[in-house]
Number of protein chains: 2
Amino acid sequence: MAKTRELLVETMKQLLWERGYDATSPNLVLERSGAGKGSFYHHFKGKKELAIAAMDSRADELSEEFDCLVAKHSDPLAAVAAYMCQTRDASKGCRIGRIVQDPSLEDPLLNAPLKRFFGEQHGKLTQLFQQAQTESLLSDALSPEQLATLAISALQGGFVYGRAMQEGDVVNDATDSFITLLNTQRLAE
Amino acid sequence: MAKTRELLVETMKQLLWERGYDATSPNLVLERSGAGKGSFYHHFKGKKELAIAAMDSRADELSEEFDCLVAKHSDPLAAVAAYMCQTRDASKGCRIGRIVQDPSLEDPLLNAPLKRFFGEQHGKLTQLFQQAQTESLLSDALSPEQLATLAISALQGGFVYGRAMQEGDVVNDATDSFITLLNTQRLAE
DNA sequence: GTCTATACCGAGATAGAC
DNA sequence: GTCTATCTCGGTATAGAC
């Protein structure tokens, strides 16, 4: 099949979500996907190259999801709230943040897709907060950049804290709390 | 030496911080500590048992650090601010949160020390926020529990985000932003 | 209590046939 | 493009001497 490559990428995306990078072996990818070793090393130089392709694909997917969601809201703060308060499950972990702590991710090549994703995400959130302040919907007690950093951190940290507590719901408490606190900064019109 | 056991625990604590659980091999612990294989398996049943001892020790150490810091401040919000705004380095990761995402940590036995630590930490922060509200220093727009969850998440997420961006300072931006936002909830006396 | 030698397994990758 | 056989290395642990 000409689609074996795509199948390997999708399988890797799933396994990176479930187990991270270091704990995902080529053998596991092959077993899960049904492909053979020959195919794997024909399409990719090795595990690292496949993982980068998988992370890039995942980053694009999440970016697109974010853009779709933002497009539905004319109020920038409503867009942020809709993004943050999606129902998540900390026991599964973030589809992309899950990977960050793996020791191998200190390799700049492997880390690049993550850096790109979080950088772009920060930029988009900053824009939304900026817009809210320009439209006088939001106090300027914090800069748009600070709010974006805190939003991303609350979400990622909620995943960490929820996983440690073995309570998948806790990540939603973290994001909800952020939004509640953010709403105290809304300005009356 | 009678202290070999303690030496192994300290070495494991350091390696758990640097590399997490899965990526730390017994061999590495032995090489780093100078101990031999015989000692290792004499004092511990295996890697898992050593890691649990190391995590328990680390959790106690961090708990004590927290208590010391709190004891220095009569104002509960000043205590929270002092805790959150310590200078940290995301490239090194949290001494205990660093470990949470490792696949092996799904084992309840391995996870227990983390669960205990984060549970206790949440309790202590909740108490501080509770006290601040009781003393009318803090608005009650959020519950003490919500604020504690957000504080922990902002810190842990700051580590994740900072590591992804390969900028160790970012974790401090996250905690500073939280404190700035929290300060908008202070009540005039 | 500590040492060295040994065993077993899976990770990651290559070789060469089809 | 895909398959199977094979290779090397390190992780994890045990055995038995000192």
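On a predicted model such as this, the values are computed, not experimentally measured, just so you know. Per chain, numbering begins at 1; letters A, B, ... match sequence-line order.
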Seminar exercise, completed: CG (B/Leu147) and CD (B/Gln133) are apart, to the nearest 0.5 Å, by 6.5 Å

Exercise. Hey, does the side chain of B/His42 come within less than 4.0 Å of C/dC3's phosphate (OP1/OP2), counting only N and O?
Worked result: no

Exercise. D/dG1 C1' sits how many Å from A/Phe44 CZ, rounded?
Worked result: 13 Å

For this session: Using atom NZ of B/Lys3 as one end and atom P of C/dG1 as the other, report the distance to the nearest whole Å.
Result: 14 Å

For this session: Output yes when B/Lys13 and B/Glu10 qualify as a salt bridge under the 4.0 Å nitrogen-oxygen rule, no when they do not.
Result: yes

Seminar exercise, completed: From CG of B/Leu8 across to C1' of C/dC3 the rounded distance in Å is 14 Å

Exercise. Near B/Gln127 CD, under 6.0 Å, is it more than 12 heavy atoms from other residues, nucleotides or ligands?
Worked result: no

For this session: Would you kindly give the CG-to-P distance between A/Leu30 and C/dT14, to the nearest whole Å?
Result: 14 Å

For this session: Indicate yes or no: does B/Asp169 engage B/Arg88 in a salt bridge with an N to O separation below 4.0 Å.
Result: no

Using a cutoff of under 3.5 Å, can you pull out all pairs of nitrogen or oxygen atoms linking the protein to nucleotides 11-13 of chain C, with atom names and distances?
residue, atom, partner, partner atom, Å
C/dG12, OP1, A/Lys47, NZ, 2.9
C/dA13, OP2, A/Tyr41, OH, 3.4
C/dA13, OP2, A/Lys47, N, 3.2
C/dA13, N6, A/Lys37, NZ, 3.0

Exercise. Over how many whole Å does the gap from B/Glu31 atom CD to C/dC3 atom C1' extend?
Worked result: 17 Å

Exercise. How close or far is atom P of D/dT12 from atom CG of B/Leu50, stated in whole angstroms?
Worked result: 12 Å

Exercise. Is a side-chain donor-acceptor pair under 3.5 Å present for B/His122 with B/Thr149?
Worked result: yes

Exercise. Under 4.0 Å between a Lys/Arg side-chain N and an Asp/Glu carboxylate O for A/Lys115 and B/Glu167?
Worked result: no

Problem set entry | side-chain N/O A/Thr4 vs D/dT2 OP1/OP2, d < 4.0 Å | yes

